[in-house]
Asker: 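What follows is a single structure, and I will ask about it in a moment.
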Amino acid sequence: MSILFLAHTEPDGTLAKSALESLAATVQLAQSLGTPFTVGLIGETPGPAADAIATCGAQKFLTVSGPEFSQARYATDAAAAEALCRAAAATLVTAPATSRWNRVLPGLAHRLGGRADTHVTGVGVSNGQPCVSRWFYRQRMEAVFTRSTRPWILALEGGIAAPWQGAAGTAHPDAVAVTLAAPRTQVTGFEAPAADQQTIRPDAELLFVTGAGWTKKQADGEVKVAEAETLIREFLRLSRSSLGSTKSLVDLGGEGQSVLPFLSHLNQIGQTGSTPRHAKGLSTCCHGEEPHTVGWRFIGERRAISLDANCGWARGKADILYVADAFAVMAKVNALLAP
Amino acid sequence: MSYQIIVCGSLVPDPLQTLEPVTGPQGPALKNEMMLPSWLDPWAGHALYEAARLAGQHAGSKVWLVSLGPKAKLQQVMMTVAQKVPFELVALDGSAGGFTDASETAAALAEAILAIPGLDLTKLLLFGGWESASRGAGATLQIVGERLGITDQFQGVDSLTLEADGSLRILERVEGGKHQVSVCSAPPAVLGWATGSLPEPRNNPQVGMANMRGIMPALQKAKPSPVSTGDITFTSVTLPTQTRTTQVIKDASPEQIAADIVAWIKGG
Amino acid sequence: MSLVADTAPDAMDRPRMDADIVCVGFGPAAGGFLTKLAAAAFHPDGSPALESPSMPGLPLQVMCYERADDIGFGVSGVVTRAKSLRESFPGLDPDQIPMAAAVTGEKIIYLLDPVGVSRRSFVLRAADKVIRALGGVFGLRHDAIALPWIPPFLNKHGGLVLSMGQFTQWVGSQVMATGAVQIWPGSPVREAIIENQAVTGVRLLDQGVGKDGSPAEGFMPGMEVRAPLTVVADGPVGAIGQQLDLHFGVPEGHHLHDWALGMKFVVDLPDDCQWEPGTVLHTLGFPEPEIFGFLYVHPGRVASMGIFIPSWFDSPVRTAYRYLQHWMMHPYLWRHLKGGRLRSWGAKTLQESGRRGEPLLTGDGFARIGEGSGSTNVLTNSGVDEAWATGVQLADAVIGLIQAGQPFTRENLDATYVKRRRESWVGAEGRVAEKARDGFQRGVVTGLFGTMLAGLTKGVLSMPGRPGAPHTRVPTFENYYAGRISKEDLARIRKDCDTKGIAASGVLMDRVGWPEIPFDGELLVSHQDALLMGGKVQAPAGYGDHVGFLYPEECESCESKICVEMCSGQAITPSENGRPIFDREKCIHCGACLWNCAKAHPHHPEHALVGFQAGAGGLHSAEN
């Protein structure tokens, strides 16, 4: 068995936290299997990144470099990864489940006659063979399984292990040459809300979840979307938390109803939204949206504010349920957080 | 310019149902899988609606929906989907379960696509959801693309603009609430859609009637496609068992609750 | 003419389509109709056997429009003798149909009151005392006794336990696979098109409208489907049935008073539960003497169970949800159910007038079948078999008329469909059952006696009683709780609940001593959480509110607000100004509000102040 750990550099030439987490998981897996492993890096100039993890215990470092590999693009990434896998003669390939790798790995597996598994949340060893766990049906059930086909390529989810930490060194990577046809696709840039408008902060400690209740009639029979918007924006500004939303709330926009203007499907958690990882989660006005709880699968401590004490959404899923009016509570929270 | 837009997508159980795994002779499956209400996979649905919109904007374009699922269930789901937008169905009779292997599903889909009469790769946009609500892997479409020899692939797509010069401008979701912008010079391309920006189209009985003329024959000639779990050996499939002990705080004032929350947020 | 104001303009560009037969609703009646019709539509070689009368040269064009998101949503679970089903499917193997089982055992259980709160009459109290005193003689165990004998007219021996959701899906898939019929779910029919006193087709519901039905963003006028025959199979709350009743009236002496509400849970039974598939239990006596219970065991350790709130339960607290939980927790049932898990739930109105609720079955261009056509047998408590049979009878008639080249006039439909129906077992048994429940107007014991009398004398004898419209009989809180809760307290509770926007029934039941439900998040969940079990209640965008309050100023003075108390989904809530508020996102289309309104319509005293139009969405579960 031979393991290849694949990573790509970030625009600044470093490795992202998710890559270091996957590296740590790979180091552990290699030790459990008693197998050496190789590191394969892709990037414009991946040398410094290789040096940064030079002491990780890899038997060998391979790199594919060049300006065409600075862009996250299927054709070039697949060709680079294919070359690295062939050079390493890998039977087991690990990589962080970044958007860049998720785009490429299943197709890569096909090229190599292997199989890929994505969204892997755990790797282990059973009877001397690697096995993985991942969730099916939108985080509703978790499976543990193994495969017989090699190479077996695994995209490891963030949080799978604590990020690898170790001294930098000199990696002496071997460059792997890749022959490319002229790419038909160019990455021309990125679109993102202005920094002060960005509500999605993957590195935030807290995920703040808003439910459709914010836009419904309140106790006095009035709809208070403007007030809700002010409270939520202010809280996000003060707490630097990441904003998540239930599907019903973001869907309201498409149906022409009053909604919070800064919410988009990118904010949605659960169902067709994301399943983010944060240490803490606070949900507000989500009653009646129990199924969205799957969006909380990877949230550590969870609290909820709801008007209904019997809310099954919170029961068994949140650590604390405050039975209260979120408008009143969040106004006070903001007052306390204000400098 | 006209396009051939092929959407891969199948049915998934209503995600709001109680889903429970059982182990059968073919490996894991859902309890009462055939009884659960099903609908078109939501991401594939977004892909289909975007396909229809684009086809509507470019005269001579056509949309196919290539769907692998149990025939009886497909028929049922199509009665709803067919009312939404015009398309031609290519049906494959097999399991739409989440535990089947993506590479097997991809092989069956690719074979069906290659058999579509008049297929022209220079006009082809291969659409699908960026993952399914069943397997949730985000793998099938890439493998279908590889099998068709398409190496311009995009995942987590929220927007596709077909430019006048024939190029494709594509927005893909990447980390941190951002979109990566790419320009692909021309078809063919593979696009795995996230949610896009279109609301679910209304049920239109006339669209339904028109679609149905092709859907029933497609279902009648649906080829058996016995996809399985492939080389996977499942050790376990379990529901999360951890239930949290929820402390319900009922009679606290907003001030007290706010203080508690702020202490919690600030506490490390 | 509609009870709800028509706010959508008569769109000039309303799309139009022509068909031969348009069928409204897909339940057991339409299932029977379309199964029979589809079987006759093609020759074995695939060539059309029935030619389209309106489009010569084409095969018969049959469209069926179902309002729910999918066929089989929001219907019920039953035990049925399956007489007509077996005629349509000779050699029917229950294993082919998910959740179906042959009846293996049937019991009637009298439940005593283990909590001491049930409102029992003096006679019942005395009887309970005797039963408790002589427990051994009666076989008293777990506060219940099994009746030693099941009257033959109630017996379902040889029948089937079915999930109507799964059964109708099974039927629908077979019918559609023939290619003879198209069944379109998610397509509510707004109204029948009536021209020169003939029905000439239907209009589908407009989409892209606001809450009040007025055109909004993306307005799409509902299509007109013109057809020589409209088959009305839209059940007890169907918009078309209501429209035809209002337009053409009902036959002399017939009425639309009696509508019960059935609410049901589908439960995963605990592992140690001993009930075999096909087990059927009927209960009476608890939680209130007027409330009957039923339990049917499906294969795979699943059971459908629920209660039946009859039209003659004269209580302003006709709430089904909480009563159903108390019923489940009766010791006789709870020992089997504890540790189970709620899979899904549902509720529906049940026609309880039998033959006397029969509307005009036919007219020029239309025919009515199924429950909305008064086919339910109120003696045998059977509806599905009868509904299916009426569908088959109409199909036989339609096939004959097409083959004879005869038009679908009232005369022709009467001479074929109605004649068959009258001469069939459905007609004969319906006549026997006609007065079977009249005795309940005078009390439970009298009612039970009357039922036995009618059943055993084949309808020759019965206990008299005169059913009245709900608005003549729903008592005020003050009357109902006289001697138990003071007038002042009732006023305070009402006001408090109005302010909070919640029904008063829960508070009132607590107050008179009903124990609190110990929610466990599994089988005993809050009413709101039930809306999420087994598929969240759906309310697709772009449709207006299908429930409206026609004279809200009248509602202000309504003391009982039974629409609020009885609402199966807590979709109707009170408000401080006394006007109920409707939330479409919680409505499961049971129709309780429509048929139990405590106030009469000022111009149509047989109708309510609640308008209940065609609507999309509702329960998203096919297990019911």
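Both backbone and side-chain heavy atoms feed into the values below; hydrogens, waters and symmetry mates do not. Since the model is a prediction, treat every value here as computed from it, not as a measurement. Throughout, protein chains are lettered first and strands after them, A, B, ... in sequence-line order, and every chain is numbered starting at 1.
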Asker: State, with a plain yes or no, whether a side-chain heavy atom of B:P13 is found less than 4.5 Å away from one of A:Y137.
Answerer: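 Answer yes - side chains close enough.
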Asker: Is it the case that the side chains of B:E146 and A:Y74 hold a donor-acceptor pair, with the cut-off being a distance below 3.5 Å and no angle test?
Answerer: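 The answer is yes; a qualifying pair exists.
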Asker: Given a strict heavy-atom distance threshold of 4.5 Å, which part of A:F235 is in contact with chain B: side chain, backbone, both, or neither?
Answerer: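 Side chain only.
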Asker: Any chance you could measure A:T272, atom OG1, to B:W130, atom CH2, to the nearest 0.5 Å?
Answerer: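 A:T272 OG1 to B:W130 CH2: 10.0 Å, rounded to 0.5 Å.
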Asker: Would you call B:D101 and A:R115 a side-chain contact if the rule is heavy atoms closer than 4.5 Å?
Answerer: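 The answer is yes, as the side chains (C-beta and beyond) meet within the 4.5 Å cut-off.
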Asker: Is any side-chain heavy atom of A:V323 closer than 4.5 Å to a side-chain heavy atom of B:I249?
Answerer: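 Contact flag for A:V323/B:I249 side chains = no.
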Asker: Could you tell me which of A:L108, A:V333, A:N334 has the largest number of non-hydrogen atom pairs under 4.5 Å with chain B?
Answerer: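 Sorted descending by pairs with chain B, the first entry is A:V333.
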Asker: Highest number of heavy-atom pairs under 4.5 Å with chain A: which of B:G196, B:P42, B:P21, B:G138?
Answerer: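 Maximum pair count with chain A is reached by B:P21.
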Asker: Let's test your reading of the structure: which of A:S148, A:A75, A:A192 forms the most heavy-atom pairs below 4.5 Å with chain B?
Answerer: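 It is A:S148.
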Asker: How close do A:P202 and B:G176 get, heavy atom to heavy atom, and via which atoms?
Answerer: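 Closest approach of A:P202 to B:G176: CG-CA, 3.6 Å.
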Asker: Among B:T245, B:L30, B:L198, B:D251, who wins on heavy-atom pairs under 4.5 Å with chain A?
Answerer: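 Ranked by contacts with chain A, first place is B:L30.
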Asker: Given that the side chain runs from C-beta out, which part of A:E142 has a heavy atom under 4.5 Å from chain B: side chain, backbone, both or neither?
Answerer: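 It is both, since atoms from each part get that close.
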Asker: So with a 6.0 Å cut-off around CD of B:Q26, is the heavy-atom count from everything else above 12?
Answerer: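 12 or below, so no.
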Asker: Report which part of A:D319 has an atom under 4.5 Å of a heavy atom belonging to chain B: side chain, backbone, both, or neither.
Answerer: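 Both parts, backbone and side chain.
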Asker: Which region of B:T233, side chain (C-beta onward) or backbone (N, CA, C, O), has a non-hydrogen atom less than 4.5 Å from a non-hydrogen atom of chain A, or is it both or neither?
Answerer: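 Looking at B:T233, backbone and side chain both touch chain A.
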Asker: Assess whether side chain to side chain contact (heavy atoms under 4.5 Å, CB included) is satisfied between B:Q247 and A:Y322, documenting all intermediate values.
Answerer: CA-CA 8 Å; B:Q247 184 191 349; A:Y322 300 103; over 6 Å; no
Asker: Using heavy-atom distances under 4.5 Å, tell me whether A:T98 contacts chain B through its side chain, its backbone, both, or neither.
Answerer: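 For A:T98, heavy atoms of backbone and side chain both lie under 4.5 Å from chain B.
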Asker: Could you tell me which portion of B:P28 (side chain, backbone, both or neither) has an atom closer than 4.5 angstrom to a non-hydrogen atom of chain A?
Answerer: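 It is neither, since no heavy atom gets under 4.5 Å.
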Asker: If you compare all heavy atoms of A:K332 against all heavy atoms of B:A258, which two are closest, and at what distance to 0.1 Å?
Answerer: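 Here A:K332 and B:A258 meet closest at CB-CB, 3.3 Å.
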Asker: Taking the side chain as every heavy atom from C-beta outward, state whether B:F234 and A:T146 have any atom pair closer than 4.5 Å.
Answerer: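 Side chain of B:F234 against side chain of A:T146, heavy atoms only: no contact under 4.5 Å found.
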Asker: Please classify the contact between A:L206 and chain B as side chain, backbone, both or neither, with a heavy-atom cut-off of under 4.5 Å.
Answerer: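 Only the side chain of A:L206 comes within 4.5 Å of chain B.
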Asker: Is there side-chain contact between A:L266 and B:R173, with heavy atoms separated by less than 4.5 Å?
Answerer: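 Yes, side chains in contact.
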Asker: If you take all heavy atoms of B:R244 and A:K317, which pair is closest and at what distance?
Answerer: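 Scanning both residues, the minimum pair turns out to be CD-O, 3.2 Å.
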Asker: Let me check something: any side-chain donor-acceptor pairs from residues 178-188 of chain B under 3.5 Å, sequence neighbours excluded? List them with distances.
Answerer:
unit_1 : atom_1 : unit_2 : atom_2 : d
B:H179 : NE2    : B:D158 : OD2    : 2.8
B:Q180 : NE2    : A:A72  : O      : 2.8
B:S185 : OG     : A:R184 : O      : 3.4

Asker: List the residues meeting side chain to side chain contact (heavy atoms under 4.5 Å, CB included) with B:A259, not counting sequence neighbours, and say none if there are none.
Answerer: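 Side chain to side chain contact (heavy atoms under 4.5 Å, CB included) list for B:A259, sorted by chain: A:L336.
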Asker: If I take atom CG from residue B:L19 and atom CZ from residue A:R138, how far apart are they, to the nearest 0.5 angstrom?
Answerer: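 Output value for this atom pair is 12.5 Å.
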Asker: Under 4.5 Å between any side-chain heavy atoms of B:F154 and A:T185, yes or no?
Answerer: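 They are in side-chain contact.
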Asker: Less than 4.5 Å to any heavy atom of chain B: does that hold for the side chain of A:Q71, its backbone, both, or neither?
Answerer: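 No part of A:Q71 comes within 4.5 Å of chain B.
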Asker: At a 4.5 Å cut-off on heavy atoms, which part of B:E172 comes close to chain A: side chain, backbone, both, or neither?
Answerer: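 For B:E172, the side chain is the part near chain A, not the backbone.
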Asker: Check B:Q142 against A:R103 and note the closest heavy-atom contact, atom names and distance.
Answerer: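 That closest heavy-atom pairing would be CG-O, 3.3 Å.
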Asker: If you look at every heavy atom in B:G177 and A:P193, which pair is closest and at what distance?
Answerer: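 Where B:G177 meets A:P193 most closely, the heavy atoms are O-CD, 3.9 Å.
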Asker: Please examine the side chains of B:Q153 and A:V104, heavy atoms only from C-beta on, and report whether any two atoms are closer than 4.5 Å.
Answerer: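 No, too far: nothing below the 4.5 Å cut-off.
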Asker: For a side chain to side chain contact (heavy atoms under 4.5 Å, CB included) check, start with the C-alpha distance between A:L337 and B:K266, then their side-chain angles and the critical distance, and finish with the verdict.
Answerer: CA-CA 9 Å; A:L337 286 175; B:K266 287 186 169 172; 3.9 Å; yes
Asker: Identify which of A:N102, A:V187, A:I200 forms the greatest number of heavy-atom pairs closer than 4.5 Å to chain B.
Answerer: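 Among the listed options, the one with the most contacts to chain B is A:V187.
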Asker: For A:E191, is there an ion pair with B:R169 - N to carboxylate O distance below 4.0 angstrom?
Answerer: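 Yes.
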Asker: Considering only heavy atoms, which portion of B:L141 lies under 4.5 Å from any heavy atom of chain A: side chain, backbone, both, or neither?
Answerer: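 Neither part; nothing is under 4.5 Å.
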Asker: Please tell me whether B:E175 and A:S99 have a donor and an acceptor in their side chains that are separated by less than 3.5 angstrom.
Answerer: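 Yes.
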Asker: Any side-chain heavy atom of B:K250 sitting closer than 4.5 Å to one from A:L321?
Answerer: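 No - every pair of side-chain heavy atoms lies 4.5 Å or more apart.
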Asker: In terms of side-chain geometry, is the basic nitrogen of A:R303 or B:D260 positioned less than 4.0 Å from the acidic oxygen of its partner?
Answerer: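 A salt bridge is present here (some side-chain N lies under 4.0 Å from a carboxylate O).
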Asker: Taking every non-hydrogen pair under 4.5 Å, which of B:S134, B:G136, B:S132 racks up the most with chain A?
Answerer: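 With the most close heavy-atom pairs to chain A, the winner is B:S134.
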Asker: If you tally heavy-atom pairs under 4.5 Å against chain A, which of B:I170, B:T238, B:I143, B:I150 wins?
Answerer: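 So the answer, after comparing B:I170, B:T238, B:I143, B:I150, is B:T238.
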Asker: Let me know if B:L171 has heavy atoms under 4.5 Å from chain A in its side chain, its backbone, both or neither.
Answerer: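 Just the side chain, heavy atoms under 4.5 Å.
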Asker: With a 4.5 angstrom heavy-atom cut-off, could you sort out which part of A:A116 is near chain B: side chain, backbone, both or neither?
Answerer: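 The answer is neither part of A:A116.
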Asker: Under a 3.5 Å cutoff, is there a donor and acceptor pairing between the side chains of B:E131 and A:H119?
Answerer: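 Looking only at side-chain atoms, A:H119 and B:E131 do form a donor-acceptor pair, the distance falling under 3.5 Å.
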Asker: If you tally heavy-atom pairs under 4.5 Å against chain A, which of B:T246, B:D231, B:T151, B:V237 wins?
Answerer: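 So the answer, after comparing B:T246, B:D231, B:T151, B:V237, is B:D231.
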Asker: Looking only at heavy atoms, which two atoms of B:P240 and A:W135 are closest? And how far apart?
Answerer: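 Reported closest heavy-atom pair: CG-CZ3, 3.9 Å.
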